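Below is one structure, written out as structure tokens, with a few remarks after it.
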Amino acid sequence: MLDIQLLRTHLDHIARLLATRGYAFPMAEFGALEAERKNLQTYTQELQARRNAASRQIGNAKSKGEDATGILAEVANLGDELRQAEAQLQDTQAALQHILLQIPNLPHSSVPEGKNESDNKEVRRWGTPREFHFSVKDHVSIGEALGLLDLPTATKLSGARFSLMTGSLARLHRALGQFMLDTHTHQHGYTETYVPYLVNAESLRGTGQLPKFKDDLFEIPRKKTAVVETLSRNEDPHGAPGGPKCEYEDDDLYLIPTSEVPLANVVRDRIVALESLPIKLTAHTPCFRSEAGSYGRDTRGLIRQHQFEKVELVQIVHPQQSYKALEELTGHAETILQKLDLPYRVMALCTADMGFAATKTYDIEVWLPEQNTYREISSCSNCEAFQARRMQARFRNEKGKPELLHTLNGSGLAVGRTLVAILENFQNADGSVSIPCVLQDYMGGLDRLEASQL
RNA sequence: GGAGAGAUGGCCGAGUGGUCGAAGGCGCUCCCCUGCUAAGGGAGUAUAGGCUCAAAAAGCUUAUCGAGGGUUCGAAUCCCUCUCUCUCCGCCA
């Protein structure tokens with residue numbers, strides 16, 4: 001969420017910045033609502049002040065045993081007027097809030113301006129893609145030939161975009177998560193965290209998934225509130241004036257699309273001490289995404305799944321440190337690829353390609369030989385105060401005053417896609433797959449995946 | 001799932017309709033006193049808004065005692081709903 005003060009004072013400038021992201025700011029609507037809000041708020045507060053003054057007088061008079069009927073008569077009509085004004089103000093503010101919650105973050109000045117992902121800028125490249133002297137297979141063919149990957153059975157169990165792995169491949173998958181977690185906790189100073197995989201709407205609003213990206217989530221309805229939910233949806237599809245005040249009165253839970261949600265929301269509604277910064281958290285969790293709207297994309301294999309695992313890095317930092325922290329955090333994710341000896345490149349996303357909450361994002365793309373291209377395996381973002389403002393996540397600054405924190409997150413890394421990269425980059429002519437050195441300890445000394453391994 | 005008890009500022013805790021944003025204590029900050037330490041004295045110490053203002057400062061003002069609604073001229077206090085915590089019972093990994 002953007003600072004509404006900023007919108008009031010520098011509307012044109014902000015609208016121009018947002019346009020570089022492909023977001024058309026609703027100037028007219030915002031202007032009208034803001035004017036209405038100002039009038040209503042002034043008027044409402046005036047009435048409230050009058051009421052308070054009168055009530056004080058009445059209390060005063062009564063405590064002295066004096067007659068208060070005169071003052072009572074004066075405020076007799078205030079009630080209805082006030083109630084109406086309060087209701088109108090509340091509606092207007094809800095409408096403003098609704099707009100505010102839909103506005104993406106402002107791009108940082110260092111972010112390249114662009115129209116789509118082809119305008120992303122390569123920042124650096126690490127490693128050299130291996131030369132193969134046989135025709136390379138993709139990870140599905142490799143896994144299936146080894147008898148360790150069974151996608152048809154996963155489809156039988158759950159449907160498309162789910163996977164079933166067995167034996168040493170399942171173990172390798174587990175090993176990857178362990179290895180990443182160990183690296184980040186032992187070498188990069190993150191605190192390992194176990195988090196809920198189901199979160200409430202408030203948390204998702206805090207990190208920015210709600211209200212705008214509800215379709216991307218798996219929602220778990222609760223019978224208890226089903227009726228209430230239906231009602232509020234019918235009456236209030238867009239949080240428009242006249243509807244209920246709160247957009248999330250339901251207490252449904254949602255499967256986390258990333259552990260960024262629970263990790264960042266740790267500081268929601270909190271004022272943390274200056275000395276506790278930076279807070280660096282990591283968690284290895286499943287992630288669930290409905291992938292609505294991605295039909296036909298990456299349908300083969302493990303690249304795009306409804307359920308996948310990720311080791312997430314979250315940093316909660318002092319505002320002055322956040323861009324330094326972004327570089328560090330990106331480096332932490334890169335370390336994993338370096339240790340695994342997987343070639344990658346780092347891309348600075350352009351204005352149009354960044355996520356909703358980010359001011360600046362680096363994507364890390366790993367080399368996939370069969371696709372003959374680099375594919376996203378991590379995304380590291382600084383959100384500045386965008387999430388913190390939604391979450392009311394603050395720290396007590398040097399002057400002792402509460403101030404919004406900056407939040408950062410990044411995948412370190414997506415486990416499934418790392419597994420894909422290993423299968424493809426470390427495949428051998430005989431169909432076996434070599435296991436990167438750093439993972440062999442986690443695999444009980446095993447140095448390659450071979451057919452019919454249990 | 002059933003029964004009961006609770007939720008007040010950074011913390012503890014008082015407050016059952018009237019000038020209460022909230023006594024008292026602890027903690028913290030500043031000042032005074034004291035050779036050091038300890039003890040003592042004084043002052044201060046929530047957050048988010050709005051308006052005035054070029055801005056800052058300042059002033060005025062509103063809201064907030066778990067959340068939402070209601071009663072009332074007036075609610076921390078009364079009523080309703082919900083959430084969470086604790087105790088007991090049941091069930092369960």
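Note that the structure is a prediction, hence the values are computed from the model and not measured. In the text below, chain A, chain B and the rest are named by the order of the sequence lines, each starting its count at 1.
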Ignoring hydrogens and angles, are the base of B/G49 and the side chain of A/Gln45 linked by a donor-acceptor pair under 3.5 Å? yes
Looking at A/Gln93, I'd like to know whether one of its side-chain N or O atoms comes within less than 4.0 Å of OP1 or OP2 on B/G49. no
Rounding to an integer number of Å, can you tell me how far A/Leu253 CG sits from B/U83 C1'? 13 Å
Could you label the plane-to-plane angle of the A/His184 and A/His188 rings as parallel, tilted or perpendicular, counting under 30° as parallel and over 60° as perpendicular? tilted
Are there any protein N/O atoms within less than 3.5 Å of an N/O atom in nucleotides 63-65 of chain B, and if so, which ones and at what distance?
{"residue": "B/A63", "atom": "OP1", "partner": "A/Arg51", "partner atom": "NH2", "Å": "2.9"}
{"residue": "B/A63", "atom": "OP2", "partner": "A/Asn52", "partner atom": "ND2", "Å": "3.4"}

Please report whether the ring centroid of A/His406 lies less than 6.0 Å from that of A/Tyr323. no
Residues two or more places apart in sequence or in another chain: which of them pass side chain to side chain donor-acceptor pair (under 3.5 Å) with A/Tyr197? none
Can you check whether A/Phe288 and A/His306 have ring centres sitting under 6.0 Å from each other? no
Spacing of A/Leu82 atom CG relative to B/A75 atom C1', expressed in whole Å: 15 Å
Length of the CG-P vector between A/Asp80 and B/U71, whole Å: 10 Å
Contacting residues from residues 54-61 of chain A, given that a heavy atom lies under 4.0 angstrom of RNA chain B: A/Ser55, A/Arg56, A/Ile58, A/Gly59, A/Asn60
Counting Watson-Crick and G-U wobble pairs with both distances under 3.5 Å, what is the dot-bracket string for RNA chain B, 5' to 3', using [ ] for crossing pairs and | for pairs to another strand? ((((((((.[[[..)..(.....]]]((((((.......))))))(((((((.....))))))).[[[[[..)....]]]]])))))))....
Output yes when at least one side-chain N/O atom of A/Arg37 is less than 4.0 Å from OP1 or OP2 of B/C51, else no. yes
May I have the list of side-chain donor-acceptor pairs in residues 407-419 of chain A shorter than 3.5 Å, sequence neighbours left out?
{"residue": "A/Thr407", "atom": "OG1", "partner": "A/Gln387", "partner atom": "OE1", "Å": "2.7"}
{"residue": "A/Asn409", "atom": "ND2", "partner": "A/Glu260", "partner atom": "OE2", "Å": "3.3"}
{"residue": "A/Ser411", "atom": "OG", "partner": "A/Ser379", "partner atom": "N", "Å": "3.1"}
{"residue": "A/Arg417", "atom": "NE", "partner": "A/Ile303", "partner atom": "O", "Å": "2.9"}
{"residue": "A/Arg417", "atom": "NH1", "partner": "A/Glu376", "partner atom": "O", "Å": "2.9"}
{"residue": "A/Arg417", "atom": "NH2", "partner": "A/Ile303", "partner atom": "O", "Å": "3.0"}
{"residue": "A/Thr418", "atom": "OG1", "partner": "A/Ala414", "partner atom": "O", "Å": "2.6"}

Which residues, if any, of residues 388-398 of chain A bring a heavy atom under 4.0 Å of RNA chain B? A/Arg394, A/Arg396
For B/C51, take OP1 and OP2 only and decide whether either is under 4.0 Å from a side-chain N or O of A/Lys38. yes
Among B/G69, B/U47, B/U62, find the nucleotide with the atom closest to the side chain of A/Pro402. B/U47
Between A/Tyr254 and A/Phe218, is the ring centroid distance below 6.0 Å? no
Quick one: on RNA chain B, does A/Glu46 or A/Glu34 contact a more 5' nucleotide (nearest heavy atom)? A/Glu34
